[in-house]
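In what follows, a single structure is set out as structure tokens and then discussed.
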Amino acid sequence: MHRDDSVSAILEGLNEIQARGVAHGEGPLLILAGAGSGKTRVLTSRLAHLVAARGVAPDAVLAVTFTNKAAGEMRVRVQKLLGPTAQAIWIGTFHSICLRILRRHQEALGFRGNLTVFDADDSLSLIRQILKESGKTDDPVRAADARSAISLAKNRMIDPERLESESAGPGGRRIARLWRLYDARLREQDGVDFDDLLLLAVRLLRENRSIGDAYAQRFRHILVDEYQDTNRVQLELVRRLAERHGNICAVGDDDQSIYRWRGADVTNILGFERHFPGTAVLRMEQNYRSTRRILDVANAAVLKNAGRMPKTLWTENEPGEAVRLFLAEDEEQEARHVARRIREEVRGGASLSHLAVLYRTHAQSRAIEEACIRAEIPYRVLGGIAFYQRKEVKDLLAYLRLLANPHDEVSFRRAALAPRRGAGEMTIDRILSEARARGVDLLTACERAREWGMEGRGFAALADLAAYLMTLVPRIDEKPHVLLEEIAHQIGYREYLRSQSEAEWEDRFAHVLELIEGARGYEDAEESAGVVDFLEQVALYAQSDKLRDDEERVTLMTVHNAKGLEFDAVLVTGLEDGLFPHISSLTDPEELEEERRLFYVAVTRARRTLTLTASRSRRRINRMAGSDLSRFLSEIPEELLEIEGRLHAATARFPARRAATAKELHEEAAQDSEDEWDGPIIAREPAAARVAGRTLVRHVRYGIGEVLSVDGEGEKARLEVRFPGWGTKKIVRSYLVPVGRG
DNA sequence: ATTATTGATTTTTTT
DNA sequence: AATCAATAAT
């Protein structure tokens with residue numbers, strides 16, 4: 001029978017535990033899946049098995065993943081096993097699934113039109129606006145802090161009242177007050193922030209019995225991946241949805257819980273059996289991904305953690321190459337070594353797309369990028385300043401968002417100001433408050449401002465803008481890229497960019513074209529490709545979701561971004577105390593454990609080779625700082641590491657170095673940097689720059705340049721220096737070294 | 001209303 | 001060192 005064939009194909013090649021996970025019938029199931037144990041395989045096979053072997057309707061199955069990329073991959077793999085029926089399975093991230101639910105019940109929730117997702121950036125703009133309106137310039141609440149406090153509270157399902165009563169100082173009350181204003185203003189604009197997506201969905205399912213019951217009835221089976229990183233709202237959502245059938249299958253690894261700071265709660269996975277009585281537990285500890293040596297390092301890495309379920313990964317794989325450790329003098333040397341290792345891997349036959357360089361913070365990418373450029377290694381950086389957060393991209397999207405939702409004040413403000421059209425903050429604020437007071441949308445308000453006695457250049461300009469956008473409203477179902485192209489042209493965005501920056505406008509306009517191309521690509525890939533869907537995609541999809549591995553490039557990214565991915569060769573950089581583990585975690589044992597798990601995640605991304613690097617000194621913010629080796633390295637038995645490179649002599653002192661105090665290392669680093677420079681720093685010789693004739697100075701980054709003028713005195717004096725090839729820069733004296741006079 | 005200048009702040013991680 | 005927001009100047 002064809003059906004038996006496909007079922008046996010689904011089960012083929014699975015080990016016994018994996019097969020049990022796939023074939024598990026009714027009732028809650030917890031799969032504790034170590035890194036590289038084949039959990040994605042089990043999840044996809046289980047999805048396919050439910051439909052093909054157990055006859056569950058595809059649209060009665062819900063699968064939740066951590067990233068959209070993982071969702072996409074799962075869909076492709078299930079489709080291979082099931083064919084087109086797989087299309088009906090609900091697969092997505094918590095956020096995308098909640099948005100899907102909210103959209104279906106838009107009216108019941110009281111939204112007037114298209115609900116609009118505010119990303120973190122938009123939320124921050126709104127909070128800034130509210131703070132500004134409240135007029136208290138001395139308010140000590142910083143907008144960014146307030147935003148993250150509100151976000152964290154929402155993820156923990158704490159309401160403003162509780163935040164108010166539970167916080168000791170006046171800070172909690174201020175934030176609670178701001179929070180209420182913020183939520184009210186969001187709703188006025190038909191807006192929801194990221195956290196609202198989850199929170200409103202849970203509220204809808206809980207408070208509206210018939211809707212909640214309908215979904216609980218509908219989803220006979222629920223699968224959740226990366227369960228260790230779920231937060232309180234997500235737990236409540238899953239609980240409500242699994243209430244009727246109790247068929248929840250959670251897959252996760254407590255050792256890979258790395259999102260505590262975002263509200264993730266490891267007790268969700270640790271307490272799973274309590275939350276869902278009658279749970280069957282499966283443990284998958286055989287690793288199929290990494291070599292034995294890499295796995296040894298991984299096991300050692302996480303051993304020191306106290307709050308974990310005890311387990312040890314094992315493998316039948318070959319021992320493989322030794323795990324290398326390279327200790328550099330400074331970050332440039334570290335970066336050069338990274339480039340060298342990449343070239344070695346390529347020479348050994350590895351594909352660039354299967355190599356990754358990982359670091360703790362985005363700021364570390366720069367040195368590595370420069371080394372890659374010099375070594376002519378193609379690379380791509382994931383994260384950082386995300387494409388969709390660029391000003392020129394957000395500007396244009398604001399017009400599109402305004403079409404989709406004419407109540408969106410944040411987009412209105414942005415569109416009205418870029419390009420400048422003679423209407424300033426004042427005009428915009430008056431339109432916003434008038435629209436709010438009269439209960440009309442912003443485009444209507446602009447068009448009717450004149451009738452309401454609001455006249456002047458600014459209002460006329462906004463009326464023109466509104467009139468133009470109104471002509472586009474009936475065309476909202478046309479292709480997004482066509483509309484974007486037309487808007488960019490109509491508003492003269494190219495000319496605007498050119499007027500803004502002589503030096504950068506071409507790059508920025510290239511981003512505009514990239515956006516338009518991106519929209520076109522999206523239209524080709526999706527069947528529902530209207531403006532609303534496009535904007536949703538933009539809001540919910542992270543950069544890593546678009547990672548394509550068919551490009552021959554090395555990937556540079558943070559360890560967080562690397563979660564769930566695997567590479568033939570992995571380089572983990574910046575293994576210094578204070579960086580990885582990050583300095584902010586050193587005082588809190590629980591945060592330190594999270595850093596350790598993060599290190600574990602980094603190590604377990606590697607299939608074939610793993611290289612660890614650290615630097616004795618590093619520029620942080622703006623000064624050199626010496627660092628101790630990461631304590632995580634000292635927790636790995638030395639015989640598991642092969643210390644390599646020119647610095648063999650220095651690193652041979654590895655155990656001794658570990659004992660050295662930070663102060664000693666700092667002095668040593670300072671000594672090193674002095675040796676490199678061929679003169680004392682200018683600050684010790686304030687007169688030097690004033691001597692007649694050409695004064696030449698050296699700068700770490702720009703090289704040698706000529707001093708044109710001096711502004712101020714002492715260390716803080718700012719010198720104007722012309723560097724050949726870099727142009728004229730204003731630089732504080734203490735960063736410059738005199739190299740003699742011409 | 002717009003632009004120039006100064007001053008503060010930044011680097012932890014992101015769906 | 002560079003970006004961004006508040007402030008001053010036009």
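Throughout, a chain's letter reflects where its sequence line sits, starting with A, and its residues are numbered from 1.
- Residue A:Thr558 has a polar side-chain atom (N or O) positioned under 4.0 Å from OP1 or OP2 of B:dT14.
- Residues A:His560 and A:Ala423 both approach DNA chain B. Their nearest nucleotides, taken by heavy-atom distance, put A:Ala423 toward the 5′ side.
- Here A:His582 packs flat against the base of B:dT12; its ring centre is closer than 5.5 angstrom to the base's six-membered ring, tilted by less than 30 degrees.
- At whole-Å resolution of the value, CH2 in A:Trp261 and C1' in B:dT13 are 4 Å apart.
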Going through the checks in order, is the side-chain contact (heavy atoms from CB on, under 4.5 Å) test met by A:Arg174 and A:Leu178?
CA-CA 6 Å; A:Arg174 277 200 207 95; A:Leu178 180 61; over 6 Å; no
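- Counted within 6.0 Å of CZ on A:Arg103, heavy atoms from surrounding residues, nucleotides or ligands total more than 12; the atom is thus considered enclosed.
- What separates CZ of A:Phe66 from P of B:dT15 is a distance of 7 Å, to the nearest Å.
- Donor-acceptor pairing under 3.5 Å is recorded for the side chains of A:Asn268 and A:Thr230.
- As a whole-Å value, the separation of A:Lys391 NZ from C:dA2 P is 21 Å.
- Checking A:Arg308, A:Arg597, A:Gln228 one by one against A:Asp255, the side chain to side chain donor-acceptor pair (under 3.5 Å) holds for a single residue, A:Arg308.
- The aromatic ring centroids of A:Tyr182 and A:Phe118 lie 6.0 Å or more from each other.
- For the pair A:Arg597 CZ and B:dT13 C1', the interatomic distance rounds to 13 Å; values are reported in whole Å.
- If you take atom P in B:dT13 and the same atom in C:dC4, they sit 16 Å apart, rounded to whole Å.
- In this structure, A:Met557 atom CE and B:dT12 atom P are separated by 21 Å, rounded to whole Å.
- Distances from the side chain of A:Glu591 to the nucleotides B:dA1, B:dT12, B:dT11 place B:dT12 closest.
- A close approach under 4.0 Å does occur between a side-chain nitrogen or oxygen of A:Asn561 and OP1 or OP2 of B:dT14.
- As a whole-Å value, the separation of A:Ile428 CD1 from B:dT2 P is 9 Å.
- Counting non-hydrogen atoms under 4.0 angstrom, A:Ala120 reaches nothing in the nucleic acid.
- Atom P of nucleotide B:dT15 and atom CD of A:Glu536 are separated by 16 Å, given to the nearest angstrom.
- Mapping A:Phe94 and A:Thr361 onto DNA chain B by nearest heavy atom places A:Thr361 at the nucleotide closer to the 5' end.
- A:Thr427 comes within contact range of the sugar-phosphate backbone alone, with a heavy-atom separation under 4.0 Å but no base atom that close.
- With rounding to whole Å, A:Leu462 atom CG is found 10 Å from B:dA1 atom P.
- Within the 4.0 angstrom heavy-atom criterion, only backbone atoms of the sugar-phosphate kind lie near A:Thr93; the bases stay farther away.
- You'll find that the side chain of A:Arg128 is closest to C:dA5, out of B:dT12, B:dT11, C:dA5.
- The base of B:dT13 has none of its N or O atoms less than 3.5 Å from a complementary donor or acceptor on the side chain of A:Arg262.
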